[in-house]
Amino acid sequence: GDSVTQMEGPVTLSEEAFLTINCTYTATGYPSLFWYVQYPGEGLQLLLKATKADDKGSNKGFEATYRKETTSFHLEKGSVQVSDSAVYFCALSTSGYALNFGKGTSLLVTP
Amino acid sequence: NAGVMQNPRHLVRRRGQEARLRCSPVKGHSHVYWYRQLPEEGLKFMVYLQKENIIDESGMPKERFSAEFPKEGPSILRIQQVVRGDSAAYFCASSPFAAGDNTGNTIYFGEGSWLTVV
């Protein structure tokens with residue numbers, strides 16, 4: 001079945017460091033790919049998405065490119081801030097609502 | 001943010017009891033989704049409901065679990081005769097329209113309800 005694997009956390013970075021959170025997937029067909037973020041005490045929020053190969057999703061300085069050849073959707077940000085501390089979830093979907101999530105990666109950014 | 005409201009946030013039940021989790025979608029949203037996150041796992045889709053209808057329950061366990069979204073009031077996820085393996089975080093989400101592949105940004109998640117079975 002469809003599945004998502006993302007790197008284990010927690011990830012601890014200093015402010016202004018470069019961030020990469022790896023995500024690979026297994027799916028039949030052509031899924032849409034998503035990154036969700038959960039800030040402390042809040043629900044999951046869509047961060048960015050890509051619906052086909054080579055699409056790049058971007059939002060709030062975060063980017064991820066849909067790589068069909070490597071079945072990956074790695075999340076990157078050039079310069080993280082303390083306010084980026086959260087849990088990040090990679091997900092895929094072929095229906096739009098039956099999202100398949102990874103286990104989540106906790107990010108802590110220190111001043 | 002008058003978002004998706006879930007309650008209770010934390011619920012403790014003894015084995016064999018019933019658990020009821022409630023979800024009030026964003027005002028005006030008529031599509032509700034339930035997800036479950038077991039310890040050390042990612043969120044897994046359980047069920048998709050519209051008002052008074054179950055659209056897709058392919059992720060629901062076959063026994064003891066049921067969900068409804070009545071014409072009036074919140075959506076309810078009901079777990080009968082709970083067992084320790086039901087201990088998990090249950091997330092509700094809602095959207096104003098049926099979420100297709102290109103409308104993932106219309107799905108809004110609640111903060112989750114944590115069920116502990118002792």
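A, B, ... follow the sequence lines: proteins, then strands. Residue 1 opens every chain.
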Item to check | Part of A/Gln38 within contact of chain B (heavy atom distance under 4.5 Å) | outcome: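 Side chain only.
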
Item to check | Residues of residues 99-111 of chain A within contact distance of chain B, non-hydrogen under 4.5 Å | outcome: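 So the qualifying residues are A/Leu99, A/Asn100, A/Phe101, A/Gly102, A/Lys103.
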
In terms of heavy-atom contacts, does [atom1] of [X] have more than 12 from other residues, nucleotides or ligands at under 6.0 Å?
X       : atom1 : value
B/Gln80 : CD    : yes
B/Glu63 : CD    : no
A/Glu8  : CD    : no
B/Gln81 : CD    : no
B/Lys51 : NZ    : yes

Checklist entry - Just how far is it from atom CZ of A/Phe34 to atom CD1 of B/Ile107, taken to the nearest 0.5 Å? => result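 So the CZ of A/Phe34 and the CD1 of B/Ile107 are separated by 7.0 Å.
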
Item to check | Euclidean distance, B/Gln37 CD relative to A/Phe89 CZ, rounded to 0.5 Å | outcome: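 So the gap between those two atoms works out to 5.0 Å.
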
Joint hydrophobic cluster, [X] plus [Y], side-chain heavy atoms closer than 4.5 Å:
X       : Y       : answer
A/Leu13 : A/Ile21 : yes
B/Met60 : B/Tyr35 : no
B/Ile54 : B/Val32 : yes
A/Tyr39 : A/Leu19 : yes
A/Met7  : A/Tyr66 : yes

Checklist entry - Which of residues 10-20 of chain B have a heavy atom under 4.5 Å from any heavy atom of chain A? => result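 At a heavy-atom separation under 4.5 Å, chain A is reached by no residue of residues 10-20 of chain B.
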
Checklist entry - Between B/Phe109 and A/Leu44, what is the shortest heavy-atom contact and its length? => result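 Shortest heavy-atom contact: CB-O, 3.5 Å.
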
